[in-house]
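Structure first, commentary second.
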Amino acid sequence: MFNRRLVSLIIATASLLLLTIDAKTLDPYKVLGVERNASQREIQKAFHKLSLQYHPDKNKAKGAQAKFAEINNAYEILSDEEKRKNYDMYGDEKGNPGFQSGSPGDHGGYTYFTNGGPGQNQFTYGPSDWQSMGGQGGSQSFSFSFGGPSGGPSPFSFGMNDIFSNFFGDNSGAGGQFGGFTGSSRARPDSQSTPKSIRALSSQVYKKEVVDQGMTWLLFSYTTSLKGHQHVESLVEEVASSLKGALKVGSVNCDTEASLCKDLGIYPRRMPRVFVYSYKASEKGLLVEYDGDWGAKPLKSFCQDHLPRFSKRVDLNFVKSSSVTVDKFPTVVLLSTKKDTPVIWRVLSGLYHKRIIFYDVQVQDASDPTVKKLGVDALPAIVGWLSNGEKHVLKTGIAVKDLKSAIHDLSGLIEGFEKKNKKAASEQSKKASTDSGENQIPLLTKSNFDSLCGDQIPVCIIGAFRSSKERKKLESVLNTVSQKSLSRRQNSAHGRDSISYTLLDATKQASFLNAFDKAGFKSLDKVLVAYKPRKGTFAAFEGEITAEEVEKFISAVLNGDIRFTRTQQSPLLK
């Protein structure tokens, strides 16, 4: 009785399977729509296109699940060189020639279902065969084969437990099913293999190499019980290869790294999940899940959109009239014709975030007067400023062969500039410690007036104060600004662009300030005056006295952006 029921169930299962595939050929080349001499690249592209079209999560049409299963089976054969070779030679990816239907009694415990073409669908078995399959300790597997168009069979083997558990529903919740059968058979051990070419990440590696390192990562999580993770891996590999140098790629096996997957919220359910470790929204990296179409082009676009954005987009006026230096870090500015920040520059801004200040500027061509003034003769170009304000043209006429080599070469350039900045900062620190008196801002007196604000000095910056507290603040700010090359302060007081810096006690030298203002700026605790002795003109700065604001004021003075007024009389000291 048991054997009869078992026979009936198997017959029903096989019949349903035959009806589901509707007597279609399973020739993998035809399934993917490629020629027999197709390259792996062509096979991969065809697979991506079809799997996107027929994926059960995307396509609810009748027959989509069956088609998706065929696509996965075909790709599994053709993407493996050994299986493909066996199929081409024998019509069987396992390399077993002659698996065709035989006569009863020839099957040794197996039942063969064959689809040899119209009018030839049949299955045969012998009573002794069923006995050997049904009893305890007996064989629990059978095979069925579908003849290819050339007459060569293509057999697939299933365990009996797999047949029934899949047919009535798999409790694992694994990926898309084909009439109760999963798209990738359990009898294929390589379907559960872990990704081979993508680096596996552990919790320790993730914390050390991924978190807030400034580099974008493309990650995918999976479990070995999920079917079809190979095509997700293949897609990730393709995108990572096209953006090599701009991002890194890794995989997380949630079977072995369950706690990491739980903590990050990346545990996969029905399918592998793909994420980008992104710096798009903030300075700290965040995992952002990809939920677009399963294709290389949209995933690549998603990755590019989430590359770092630490370079600030400015215009030429910023470079011309403002200081692009800071007290601690060196600054680099990219000049190019691009409307948006180039991908390479965005990647570099992430790699050197918190070490280098990045800007980028769009310019029309190298003939622009401001570009020429910077010393740039060809675009794209990189200009850098050390933290002491010293300018360097790092590279002009940059030629790029590919993304990876460009990032490598420009990284070396930026690292060399960073080393130069550290050396300059060290030398400046040593000079300040050994000759601190030289950096002090002198108090303007009758005896030193000619050397500080005489006719030989193009511009004299005078910080007037009315209390010891304001004197200290002015002295600190002017001392900081005077050390930067932006001020164009020369060693010689007779330098063409030299500027002198001095302090003035307004409580004792009120008559001196009256030459600039009738009230002598009495309403202010402190004031900054830029005085041009040769022309007898001046400009006053009454804003907030900070190093940044004073530096901007002096930059505007040097660039002619500040309007000067004639003094009421020649300033005299008591």
Side-chain angles (χ1 to χ4, degrees), residues 17-56 58-59 61 63-101 112-121 143-158 175-179 181-185 187-191 193 196 227-235 237-238 294-297:
L17 177 61
L18 292 174
L19 288 172
T20 305
I21 64 172
D22 196 24
K24 291 183 180 179
T25 178
L26 289 184
D27 178 359
Y29 292 101
K30 286 192 174 183
V31 170
L32 296 183
V34 296
E35 299 293 333
R36 286 187 170 271
N37 60 352
S39 65
Q40 282 297 319
R41 178 72 171 171
E42 291 171 329
I43 291 170
Q44 188 179 66
K45 284 186 175 181
F47 170 70
H48 285 161
K49 181 179 179 180
L50 291 171
S51 61
L52 172 63
Q53 181 180 353
Y54 290 100
H55 195 285
K58 302 286 185 180
N59 192 331
Q65 286 188 337
K67 185 65 176 177
F68 185 69
E70 290 181 6
I71 292 166
N72 275 279
N73 290 338
Y75 182 68
E76 188 168 342
I77 294 171
L78 299 186
S79 63
D80 186 301
E81 292 297 339
E82 186 65 28
K83 290 182 180 180
R84 183 180 181 182
K85 181 179 178 181
N86 287 335
Y87 180 84
D88 290 342
M89 292 179 65
Y90 308 118
D92 169 27
E93 81 276 14
K94 293 188 177 68
N96 298 323
F99 262 57
Q100 298 184 15
S101 59
Y112 294 91
F113 297 86
T114 65
N115 179 8
Q120 297 181 27
N121 296 335
S143 295
F144 60 92
S145 63
F146 301 96
S150 62
S154 178
F156 298 84
S157 297
F158 294 85
Q177 295 183 338
F178 160 39
F181 292 83
T182 57
S184 180
S185 169
R188 299 170 188 169
D190 59 330
S191 68
S193 61
K196 297 177 181 178
K227 310 302 181 188
H229 67 63
Q230 293 95 336
H231 80 274
V232 176
E233 177 193 3
S234 178
L235 179 64
E237 283 181 321
E238 182 178 352
W294 289 108
K297 188 175 181 179

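- Using the six-membered ring where Trp is involved, Tyr75 and Phe47 have ring planes that are parallel, under 30° apart on the 30 and 60° scheme.
- In summary, Asp88 and Lys83 do not engage in a salt bridge, as defined by a charged side-chain N under 4.0 Å from a carboxylate O.
- A heavy-atom distance below 4.5 Å is not found between the side chains of Pro28 and Glu76.
- Proximity of Ser79 to Gln44: side-chain heavy atoms (C-beta onward) are nowhere separated by under 4.5 Å.
- With respect to Arg41 and Glu238, a salt bridge is recorded, a charged nitrogen being found less than 4.0 Å from a carboxylate O.
- Atom CG in Asp27 sits 9.0 Å away from atom CD1 in Ile77 (nearest 0.5 Å).
- Contact check for Trp294 versus Ser51: no side-chain heavy atoms found under the 4.5 Å cut-off.
- Of all heavy-atom pairs spanning Leu32 and Ala46, the tightest one is O-CB, 3.5 Å.
- Residue Val31 is tested with Leu78, Asn73, Ile71 for a side-chain contact (heavy atoms from CB on, under 4.5 Å); the sole match is Ile71.
- Nearest heavy-atom pair, His55 versus Phe68, reported as atom, atom and distance to 0.1 Å: CD2-CZ, 3.4 Å.
- Contact check for Gln40 versus Arg84: side-chain heavy atoms found under the 4.5 Å cut-off.
- A donor-acceptor contact shorter than 3.5 Å links the side chain of Asn59 to the backbone of Gln53.
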- Item | Evaluation steps, side chain to side chain contact (heavy atoms under 4.5 Å, CB included), between Arg36 and Tyr87 | CA-CA 11 Å; Arg36 286 187 170 271; Tyr87 180 84; 4.2 Å; yes

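- We find the OH-CD distance between Tyr54 and Glu70 to be 9.5 Å, quoted to the nearest 0.5 Å.
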